[in-house]
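Read through the structure below, which is laid out as structure tokens, and then see the notes.
Here, residue 1 is the first one in the sequence, and each next residue gets the next number. Reckoned from all heavy atoms, side chains included, excluding hydrogens, waters and symmetry mates. Numbering of ligands and ligand atoms starts at 1, following listing order.
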Amino acid sequence: MLEGWPPPVLDPAGPYASSVSLLSWVLFAMAFAVLLVVLLALYLALFGRPALQEKFGGERLIWAGGVAFPVVVLTVLLIYGLSLTRHLSQPIQGDALRVRVTGEMWWWRVAYLDRQGREVIQDANELHIPVGKPVVLELQSADVIHSFWVPRLSGKLDMIPGRRNLLRIQADAPGVFGGQCAEYCGGPHALMGFTVVAHEPRKFEQLIEARLNRQQASVVPTATGARLFDTVGCSACHRIAGTGANGLAGPDLTPAGSRRTLGAGILPNNRGTMMGWIGNSQAIKPNNRMPPYKVLTAEQLTQLAIYLEAQK
Ligand code: CUA
């Protein structure tokens with residue numbers, strides 16, 4: 001079982017998700033109340049005593065119940081909804097972590113930004129955030145429309161080619177929160193999952209510091225797996241910071257060993273699943289863009305998996 005997945009949609013874990021959740025419940029309750037009123041009117045119309053039907057029938061009821069009532073109810077709900085969710089799109093006071101998330105067929109490219117908006121840390125399918133602080137996500141798409149949705153942390157927002165949409169998320173306590181692409185984007189759309197991990201601020205700082213150092217370090221890979229990574233062709237599509245592997249088509253594998261999941265949130269990440277994924281990801285996630293490497297022997301798959309496991 002993957003931690004935080006499937007994500008519960010009615011269990012908010014932060015202020016942004018809370019207001020969306022509250023609004024859903026209020027709308028649901030109001031819709032239910034209106035349904036009861038309509039059913040009562042229907043019952044009276046069908047089975048009520050003639051005197052009662054006489055009293056409530058006629059044009060007056062049409063104007064009151066069919067025009068005035070919906071106008072009042074919908075106006076009140078609209079104003080309430082807008083005031084409740086106003087902070088979802090308001091600018092954040094002070095410094096907030098900014099992360100660019102790009103929807104790709106069928107995974108998520110993640111880049112942490114510095115204050116000048118430069119991409120300083122690359123990752124994929126996983127996002128680390130500090131608890132108790134709003135985080136701004138710049139959502140964009142590299143191909144078709146996707147929709148970013150981590151139900152426990154915020155509402156959903158489309159990722160549209162040629163546009164950049166801003167979404168704020170926040171977690172109140174440390175934890176792992178699952179996400180899911182919420183707009184059909186072809187092929188294995190249903191297998192386009194995401195993971196957000198919320199840490200205590202100190203732990204988060206350490207993690208970012210370590211990732212920054214790792215980006216700048218220069219590594220000379222000597223393991224058998226490292227040579228295979230190059231000769232088999234992995235490095236044409238994947239990047240590992242500080243090595244010769246600089247491919248940009250697929251997920252960045254610099255922190256491959258520290259990720260919780262594999263294949264964009266669909267498998268736990270361990271040596272066995274890594275070997276299976278490299279050997280034939282098409283059997284696990286049909287039509288994803290990574291070709292199967294059935295020519296590799298079990299020993300070669302093991303060496304590659306060990307090498308990737310070591311990338312933190
Ligand atoms: Cu990406 Cu659906």
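Restricting H146 to its N, O or S atoms, the one at the least distance from atom 1 (Cu) of ligand 1 is ND1. Nearest to atom 2 (Cu) of ligand 1, among the N, O or S atoms that H189 has, is ND1. Looking only at its N/O/S atoms, E183 has O as the one nearest to atom 2 (Cu) of ligand 1.
Because its NZ or CZ atom is not both nearer than 6.0 Å to the ring centre of W107 and within 45° of the ring axis, R289 does not count as a cation-pi partner of that residue.
Rounded to 10°, the angle formed at atom 1 (Cu) of ligand 1 by M192 SD and C181 SG is 110°.
Within the 3.5 Å criterion, the main-chain N or O of A68 finds no donor-acceptor partner in the side chain of W63.
Aromatic rings of W108 and F148 (six-membered ring for Trp) have centroids within the 6.0 Å cut-off, being under it.
With respect to D123 and R259, a salt bridge is recorded, a charged nitrogen being found less than 4.0 Å from a carboxylate O.
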